[in-house]
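Below is one structure, written out as structure tokens; comments come after it.
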Amino acid sequence: MKTKSLVLLLLLTLFSVRAYAANDRSEQVKFPHGASGTSIKSSIVGYQGVNYTLDAKAGQSMTVNLKSGNLSNYFNIYAPGKGPGDEAMFIGDINGNSYSGVLPSTGTYTIQVFLMRNAARRNEKANYTLEISVK
């Protein structure tokens, strides 16, 4: 039973890996004056991705929610000093499209929005809303 679970986990990981794209775009997240959060509406197609960056301090609480009609649309969160290709502090395709937690360090965090390889290779489109708050 343990072997079957390990094989299943390996297969899921193998088929759910996001192919990193050279055409990812980067955007700085800016909250409206006096607000502690924002909502971003955008879209990606195929292997496109978006790396949203924002500065935050250790001990602050961050909440991120992704709403999308495409079931293969996810996000990862990277701690300061890390980014796509490094170990993520939150992995959307494993943990879902909602994150809430206390930030471990001060610096620039990256929220990477992407399509899983299964959808990217079919050149699918994902219209999404990304809600981010830091308090």
Hey, are the side chains of [X] and [Y] touching, using non-hydrogen atoms and a 4.5 Å cut-off?
{"X": "Met89", "Y": "Leu103", "value": "yes"}
{"X": "Gln112", "Y": "Asp24", "value": "yes"}
{"X": "Tyr78", "Y": "Glu87", "value": "no"}
{"X": "Val64", "Y": "Leu66", "value": "no"}
{"X": "Tyr74", "Y": "Asn97", "value": "yes"}

Verify same cluster id: Tyr109, Phe31 (apolar side-chain graph, 4.5 Å)
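Yes, Tyr109 connects to Phe31 through the hydrophobic network.
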Would you kindly confirm whether Met62 and Ile91 end up in one hydrophobic cluster when ILVMFWY residues are joined by side chain heavy atoms under 4.5 Å apart?
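No, no single cluster joins them.
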Tell me, with the steps shown, if Asn65 and Ser98 meet side chain to side chain donor-acceptor pair (under 3.5 Å).
CA-CA 4 Å; Asn65 291 300; Ser98 184; 2.6 Å; yes
For Val45, what are the other residues in its hydrophobic cluster, where any two members join if their side-chain heavy atoms are less than 4.5 angstrom apart?
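Same cluster as Val45: nobody, lone residue.
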Linked hydrophobic residues, Leu71 as query - side chain contacts closer than 4.5 Å
none
The criterion is ring-ring contact (aromatic ring centres under 6.0 Å, His included); which residues satisfy it with Tyr99, sequence neighbours excluded?
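Scan of Tyr99 (ring-ring contact (aromatic ring centres under 6.0 Å, His included), adjacent residues dropped) gives Phe90.
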Begin with the C-alpha distance, continue with both residues' side-chain angles, and end with the deciding distance and a verdict on side-chain contact (heavy atoms from CB on, under 4.5 Å) for Val29 and Ile111.
CA-CA 10 Å; Val29 175; Ile111 302 167; 5.7 Å; no
Once you round to the nearest 0.5 Å, how far does CZ of Arg117 lie from CG of Asp93?
11.5 Å
CD of Gln48 to CG of Leu115, rounded to nearest 0.5 Å, is 9.0 Å
If a pair satisfies side chain to side chain donor-acceptor pair (under 3.5 Å) and one of its residues is in residues 27-37, list it, with sequence neighbours excluded.
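Checked against side chain to side chain donor-acceptor pair (under 3.5 Å) - neighbours excluded - the pairs reaching residues 27-37 are Arg25-Glu27, Gln28-Thr53.
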Nearest heavy atoms of Asn76 and Gly92, plus distance in Å:
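Closest heavy-atom pair between Asn76 and Gly92: OD1-N, 3.2 Å.
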Heavy-atom closest pair, residues Ser68 and Ala126:
OG-CB, 4.0 Å
Whether Ser105 side chain and Ala58 backbone form a donor-acceptor pair below 3.5 Å
no
May I ask you to decide if Asn70's main-chain N or O and Asn73's side chain share a donor-acceptor pair within less than 3.5 Å?
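No.
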Quick one: salt bridge (charged side-chain N to carboxylate O under 4.0 Å, His left out) pairs with a partner in residues 35-64, sequence neighbours left out?
none
Residue pair Asn118 / Ser72, side-chain donor-acceptor N/O under 3.5 Å
yes
Take Thr108 and Leu54 through the side-chain contact (heavy atoms from CB on, under 4.5 Å) test and state the conclusion after the steps.
CA-CA 5 Å; Thr108 302; Leu54 66 127; over 6 Å; no
Just distance, no hydrogens or angles: give the donor-acceptor pairs under 3.5 Å from side chains in residues 127-135, sequence neighbours left out.
unit_1 : atom_1 : unit_2 : atom_2 : d
Tyr128 : OH     : Tyr52  : OH     : 2.6
Glu131 : OE2    : Lys67  : NZ     : 3.3

